[in-house]
Amino acid sequence: MSKHLPPLTPSQKNDLEKAKKYAMEQSIKDVLLKQSIRHQQNQLTTSQGAAQKQRALAIMCRVYVGSIYYDIKQDMVREAFTPFGPIKSIDMSYDPITQKHKGYCFIDYELPEAAHLATEQMQSATLAVGRTIKVGRPSNIGQAQPIIEQLAHEAQHFNRIYVASIHPELEENDLRSVFEAFGKIINCQMDRDAVSRRHRGYAFIEYETNQSSTDAITSMNMFDLGGQFLRVGKAITPPNTHYEMYGPPSNHSSSALPAAAAVAAAAVTSKIMAQEAAKPVSLRNSALSGPMIPAPGVMIPPPGIVMPQPTAVMAADQAGVVTGATLSSSVTSTAPPTAVIKPPTNQLTTNHTNASNPKAAVQQMLGSDGGLMLPSQNGKQQSLSQQEGNVNISGSSQRHLMMQKLMRKETSRVMVLRNMVQVNDIDDDLEGEVTEECGKFGSVERVIIYQEKQGDEDDAPVIVKIFVEFANTEGCIKAVDVLDSRWFGGNKISAKVYPQQLYDNNEYTE
């Protein structure tokens, strides 16, 4: 005869319900604690990786500029480097005694592409008085080389180009109309100011093919669009990198589980654990593991709340000097290694009245079908689509030739003399002799003697160009007519009119 347990008294039933409730609460707390610890560990790993990437991007945005003449002010440096993209800050070190800068500075751009393009095109450029500057990367770039190479590898999967120095009156459709001549455009994105909603002077364009992006860089770099010379280069980072740099912090990301959902998930988990605990083996295992109890004084945040992480030290706050480090061996540059600034071989066929109205300049070169207007043999303008059968623009050299046909003629007061002297013939009296000789044709305001190296090799030849700026156009034209093909010291001189805009921008490589 089986024995029956006596029925529970009301007091015992009440105590049993309290015990079950307490056990459930402790189980939920245990699950919540484990979830919180696991979430913190994931966030810490993500935060450390994001901090390393942020530091690498900051290094990629930094440019070193050396050999700066002491009379050159910071605003002159900013004016020379602004065409490549928005500048965040310029750190120019000053001597406390003389109150003059030490001849170098660090420029922090907002975009890695802007810094990369400035390093390529401003190397060995001249500022103001004709002194050649040195442009390079900070010495700590090697610390971020693995991440830089990873970003460069990711960027290779996208046929993106970076376009800077865009006129403020031009819009995305204007830019797209010009660049779609090189191939199908997948995306054209211009960054805009959050308040005014006006674009900030740069854009990223993604093409369908790599050949289209290469042709666009070759032909459109230093292209005169609406009165400003475009700066075009390869995008060295994948899409959305810019928004990762200046977007919302990672601790507010959607990966954080809402508190209500976390509690509900913990309750379900606790219920399942209670069911498993009914089995003897599971009961023994649960007894061995036991609930995790936080140490006294340790604060465990609720789910979805992440403890503040240490702030990463940005490379912009680190001092550095120039080294020979490059961004990545996988990133190919379309600019020549020794080029100071690529000459504006491509210009719009606009007149000076349209320089103040860039939209009209763009519309003038666009046909009714939105294609580029090209000069035809009979003197009439036809759109690019109308001349597809006659003009082959598949190659980069032929696209370059096509853009040369669009070059706008302009007056200039500058003459360039080539093959007049060799490097060994340069002395202190040369400038005065040139000024005196050219003064016969008109008032000379300035003479610049420029040495241009023809390669990266140590023994690469160097040619000498002499730029003579006259007070008026008539004196320049008269000097060119007389001096061109004239013999001097056994050399046949080449005298040509030099583009005024290039000269005003300190670009002497045309």
Side-chain angles (χ1 to χ4, degrees), residues 75-76 78-87 114 117-118 121-122 125 127 161-182 188 190-193 196 198-203 205 216-233 340-367 370-375 381 384 399-400 402-414 469 473 476 497-510:
D75 57 345
M76 299 175 65
R78 179 181 293 273
E79 181 180 358
F81 283 84
T82 295
F84 301 99
I87 295 177
L117 205 57
Q121 298 192 12
M122 290 299 289
L127 291 180
I161 64 173
Y162 169 73
V163 184
S165 190
I166 303 173
H167 196 283
E169 296 299 327
L170 296 179
E171 293 298 333
E172 182 178 313
N173 57 340
D174 301 320
L175 201 65
R176 182 185 289 269
S177 299
V178 175
F179 278 85
E180 67 183 2
F182 304 97
C188 178
M190 303 179 74
D191 190 21
R192 297 184 178 275
D193 185 85
S196 66
R198 297 179 65 88
H199 72 78
R200 305 183 61 207
Y202 67 88
I205 300 176
I217 294 173
T218 303
S219 298
M220 296 303 292
N221 187 38
M222 294 304 298
F223 186 89
D224 185 355
L225 184 61
Q228 290 188 191
F229 291 111
L230 298 179
R231 311 288 177 141
V232 186
V340 178
I341 298 178
K342 295 181 70 176
T345 57
N346 313 307
Q347 298 179 352
L348 281 175
T349 55
T350 59
N351 52 34
H352 292 288
T353 59
N354 282 339
S356 60
N357 190 355
K359 279 183 172 292
V362 173
Q363 292 300 327
Q364 181 179 347
M365 76 175 244
L366 296 177
L372 279 174
M373 296 298 295
L374 303 179
Q381 287 188 335
L384 178 64
R399 290 185 185 274
H400 187 73
M402 178 193 73
M403 292 304 170
Q404 283 185 329
K405 294 180 181 179
L406 299 177
M407 181 176 295
R408 180 183 64 193
K409 295 183 180 180
E410 59 180 7
T411 59
S412 176
R413 298 180 291 105
V414 182
E469 181 183 5
T473 306
C476 177
V497 177
Y498 195 77
Q500 186 70 42
Q501 286 187 334
L502 286 182
Y503 179 81
D504 292 340
N505 290 333
N506 300 322
E507 299 165 2
Y508 306 126
T509 57
E510 166 66 23

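Of all heavy-atom pairs between L225 and V178, the closest is CD1-CG2, 4.2 Å. Closest approach of S412 to T473, counting heavy atoms only: O-CG2, 3.5 Å. In plain terms, the two heavy atoms of N221 and V232 that are nearest each other are OD1-N, 3.0 Å. Contact between R231 and P83 at its shortest, heavy atoms only, is CG-O, 3.6 Å. I205 and C188 make their closest contact through CG1-SG, 3.9 Å (heavy atoms, listed as atom of the first residue, atom of the second, distance). Considering every non-hydrogen atom in both A216 and I161, the closest pair reads CB-CD1, 4.0 Å.
Taking Q228 as the reference, S165, H167, P168 meet the side chain to side chain contact (heavy atoms under 4.5 Å, CB included) condition, with sequence neighbours excluded. With sequence neighbours excluded, the residues satisfying side chain to side chain contact (heavy atoms under 4.5 Å, CB included) with R192 are E171, R197, H199.
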Applying side-chain contact (heavy atoms from CB on, under 4.5 Å) to Q501 and D224, what does each step give before you reach the verdict? CA-CA 10 Å; Q501 286 187 334; D224 185 355; 3.6 Å; yes
Under the criterion side-chain contact (heavy atoms from CB on, under 4.5 Å), I'd like the reasoning laid out for V414 against L502: C-alpha separation, chi angles, the key distance, then a yes or no. CA-CA 10 Å; V414 182; L502 286 182; over 6 Å; no
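Annotation: the span from L117 atom CG to M122 atom CE amounts to 11.0 Å, rounded to 0.5 Å. Rounded to the nearest 0.5 Å, atoms CG (D174) and CD1 (I166) are 10.5 Å apart. Interatomic distance, M222 CE to N505 CG, rounded to the nearest 0.5 Å: 6.5 Å.
With a 4.5 Å cut-off on side-chain heavy atoms, R198 and M190 do not count as touching.
The backbone N or O of F84 lies less than 3.5 Å from a partner atom in the side chain of Y162, making a donor-acceptor pair.
Looking at Q500 and D504, their side chains do bring a donor and an acceptor atom within 3.5 Å of each other.
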